[in-house]
Structures are given as structure tokens and as C-alpha cells.
Colleague: 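Quick one: structure below, then a few questions.
First listed ligand is number 1; within each ligand, the first listed atom is number 1. Note that the coordinates shown come from a computational prediction; the quantities given were computed from them, not determined experimentally.
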Amino acid sequence: MLSDPKSTDRQPAHSASTAAVHAGEAREKPGHSITDPIFAASTYTFASTQAIIDFLEQGIDREEYGRYGNPSERVVERKIAAIEGGEEAVVFASGMAALVGLLMAHTSAGDEIVFFDECYHRSREFCRKHLSRFGVGFKEVTTCDYDAMERAIGPKTRFLVSESPTNPHMSVVDVERFAAIGRRHGVFTLIDATLCTPFNMRPLEVGVDFVLHSATKYLGGHNDLLAGVVIGDGKKLESVRNLRGIMGGINSPHNAYLLERGLKTFPLRMERHNANGLAVARFLESHPKVERVFYPGLESHPYHEVARRTMRGYGGLVTFLLKDADWKRAARVVDAVKIPRIGPSLGGVESLIEQPMVMSYWNYTPEERARFRIPDSMIRIACGIEDSADLVADLAQALEAA
Ligand SMILES: *Cc1c(COP(=O)(O)O)cnc(C)c1O
């Protein structure tokens, strides 16, 4: 079973599969090649002094120097913009480079950013420890507490930031409500949509200003590259692209090609990630040794109704708590699986498993872990595109170890 069409209310009108294969590419390519060439150039040459002057004065569309752009990157930007339903996309060297680039381009000393508190800890750390040094304020409110977010907005607020779903708790933000708050107060809204991907939700359609992805995850999809992307209105991205040209956070032509290649199968892969996530979540929920499963596709999930209303599928990430288990017992399950590899990240063809308490919160105090709601018995599986039944059987045998 690849997907259950009755499990959701909304099907995006766009044809993601056709866009993934063809969008952004020239129909006729150099050498009559069906695939895009990789232009492994750090600089681009001019035929004469007059050609430089024409380029500068007439805004001729061509490359100049590799830090400002390269043809491979531009193809992948057009393709991602088409898949996401946005006007433009700017690709960066990583998801974090994209976040840093976007926030730095659009904030100045005295401005403020409001986050939902389940956002990726490095994103919040960037604002708390670094952007603050340049006088940009930072507030966090409880995830999905829309009233608290609205109360946190002041005259200097510039951005509202959230992820959806969040990691590892899989809280689903009502993006329409989130976008409406931003519009009401004239504040930019940003959704880090890495976990839902444009296959499962397209936040720009409901009025969110910027969508950001760690393309390292589902968009690249093969655990073989780092990339990040911001999608939105071309005008609002102009300063983001200009700042990228100065900061140098562009990706390499080789990586851009790998990302383009990965994107061709993105919708196909997402069908399997969604199916595997749901199958694994349902299996875990029915298992006597499992206390709780966090997966928005389950009726038991606190945000299931929002997820049904706004998402097409629920992705490959499944988090669960082992019943009456300390961290060592949970580690026995992690160590006993035979298919998923132990490691951070998600969204690639290979399934990955980890214990957040060990992988991401080992150097935190028990009090801090309690505040972040990371119990010792928590395990996170990022389902790849293997066979559902094989993954379920593997987890069944691993749970025997607990
Ligand atoms: C991985 C991730 C990031 C960071 O992306 P990198 O490509 O690793 O820099 C940001 N947000 C979310 C939700 C992520 O999963």
C-alpha cells in the first residue's frame, strides 16, 4: 500500500511529479544532452571589455563569478520554486545557511523575532546567541499557542517563525492561522517546512511569506548532500540573494546537480515515506511495550485534525516512547534494529534511528531535558523508502530486546 487516499481531505491541485521531472530545465540542453551539464567553474569569462560593460549596463542574464550564482544552481532553484508553488527560490549551502541568510537579510538592530519553541534548536540558538549580538531581539512562545504568539508581537517584531511538523514531537501548526496573524500585524511569517515538504503541504498557498527547507533531507533525499532553500516572492528574496553573494553561502555546482537529480524522484519517494511512516506508527501504537507514539497521521495525535485539514500525508518521521524504560533499555532497541542505521538526520532513502536524549541532548541536565520534553525512553525513526513490512518486522524483533 503506497497511500490511502481516504486518509486525508486535501489533495494539492498541482502536479508535483511532472514539475519534479521537468520544471526549471531548458528543453534543449548543451550537446543535446537530456540531463543538465555540471558547470564546474568558479568564474565566467567575457569576450571583450565591451561585453563586460554591456553586462553591467544592460543587466544581461549571464554568470559572472561563482559566488553570485552558477547555472546548475539556477536550474534547481527554478525546479524547487515550481514544486513549492512559489515565485522564486534561493538555494544555500545548507538549511542553516538558508535560515541565517534569510533572517540577516531582513532584520536590523532593534527588530525582534518570535519563534514557536519546538523549532530546531540550532535555529533558535542562532537568534539567541548570535543575532542578538547585532541587536535583534528574540522571543519564544509555546508551540501552537497562537494567542501567546499574538501577544508577543510588538512594534519592532519583524518575523514569526515556526516549523511544521516540529521535530521530534511532530506538532502540526495551523499554517492558515499562523499566516493570518502575520498579515494582521504586518509581520513576515516563515515556515521551516523541512518535515512536511511541498508534497504534503504548501504553506505559500495560504499566505505564509517564506518557506524554508533543509534540502539535505527529503528534497535531496539520498543522504549524500547538504543544501538549504528559501522560497517566496521574488522581490522579498532579492536582498536574500544579494547577501548570499556577500556571505558566500552558495552551494557547489556538483551538489546542485545532485539535488536536481534527487528532486526527479521526490514525489515518488514521498509516497513511500508517507506510507512507511503511517505503517510504522500504526504498528508501534498497537505494541504493548510502547507507551506513546507521536505521528500526526494517528487519530490519537493531538494535532491530527489540523494535519488532516492541511496535509496530504504525514511524512516518514515517527517518534515513540518505550513503556517503563530508562535510556539504557531504549538504547537496546536502537542497537537491535537491523535495517535502519543509527544516526542523526532524516528524509533520505535509508531509514535512520536515534534516541534524542543521547544524540541531541546528552550534554543537557535532566531538568533541561524535561523542559524540552525529551524523555529518556524516546526513540525517533526516520523511515526511508524500504519495504513497509520489512521495517515493521525489524522493529518487532528489536522491541523483543527491550
Ligand atoms: C536539518 C534541519 C535543519 C538544518 O538543515 P541543514 O541542512 O542541516 O543545515 C533545519 N531545520 C530542520 C527542521 C531540519 O530538520
Colleague: For Met96 and ligand 1, does the shortest N/O to N/O distance drop below 3.5 Å?
Modeller: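 Yes.
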
Colleague: Do any nitrogen or oxygen atoms of Tyr120 come within less than 3.5 Å of a nitrogen or oxygen of ligand 1?
Modeller: no

Colleague: Can you confirm, on distance only, whether ligand 1 has an N/O atom lying under 3.5 Å from any N/O atom belonging to Gly95?
Modeller: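 So ligand 1 has an N or O lying under 3.5 Å from an N or O of Gly95.
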
Colleague: Using a strict threshold of under 4.0 Å (side-chain N to carboxylate O), is an ion pair present between Glu112 and Arg158?
Modeller: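 A salt bridge is absent here (no side-chain N lies under 4.0 Å from a carboxylate O).
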
Colleague: Using a heavy-atom cut-off of under 4.0 Å, does the side chain or the backbone of Ala227 touch ligand 1, or both, or neither?
Modeller: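 Looking at Ala227 and ligand 1, just backbone atoms fall under 4.0 Å.
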
Colleague: Say whether Asn167, considering both its backbone and side-chain N or O atoms, lies within less than 3.5 Å of an N or O atom on ligand 1.
Modeller: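 No: no nitrogen or oxygen of Asn167 is under 3.5 Å from one in ligand 1.
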
Colleague: For the residue pair His222 / Glu350, report whether a side-chain donor-acceptor contact shorter than 3.5 Å exists.
Modeller: no

Colleague: Suppose we measure from atom 12 (C) of ligand 1 to each protein heavy atom; which comes out shortest, and what is that distance?
Modeller: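 The protein heavy atom lying closest is Asp192 OD2, 3.4 Å.
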
Colleague: Would you mind checking which non-hydrogen protein atom is closest to atom 8 (O) of ligand 1, with the distance to 0.1 Å?
Modeller: Ser214 OG, 4.1 Å

Colleague: Any side-chain donor-acceptor pair under 3.5 Å between Arg133 and His130?
Modeller: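 The criterion, which ignores hydrogens and geometry beyond distance, is satisfied for His130 and Arg133.
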
Colleague: Taking atom types as modelled, find out whether Ser377 and Glu291 have a side-chain donor-acceptor pair closer than 3.5 angstrom.
Modeller: no

Colleague: Between Ser286 (side chain only) and Phe283 (backbone N and O only), is there a donor and an acceptor less than 3.5 Å apart?
Modeller: yes

Colleague: Determine, using heavy atoms of Cys119 and all atoms of ligand 1, whether some pair is separated by less than 4.0 Å.
Modeller: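 The answer is no, since Cys119 has no heavy atom less than 4.0 Å from ligand 1.
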
Colleague: Can you confirm whether the side chains of Asn274 and Arg312 place a donor and an acceptor under 3.5 Å from each other?
Modeller: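 On atom types as modelled, these side chains do not qualify, holding no pair under 3.5 Å.
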
Colleague: Ion pair present between Glu73 and Arg244, side-chain N to carboxylate O less than 4.0 angstrom?
Modeller: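 Looking at Glu73 and Arg244, the cut-off is met.
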
Colleague: Relative to ligand 1, is Lys217 under 4.0 angstrom through side chain, backbone, both or neither, heavy atoms considered?
Modeller: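 For Lys217, the contact with ligand 1 is made by the side chain alone.
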
Colleague: Decide whether an N or O pair under 3.5 Å exists between Glu163 and ligand 1.
Modeller: no

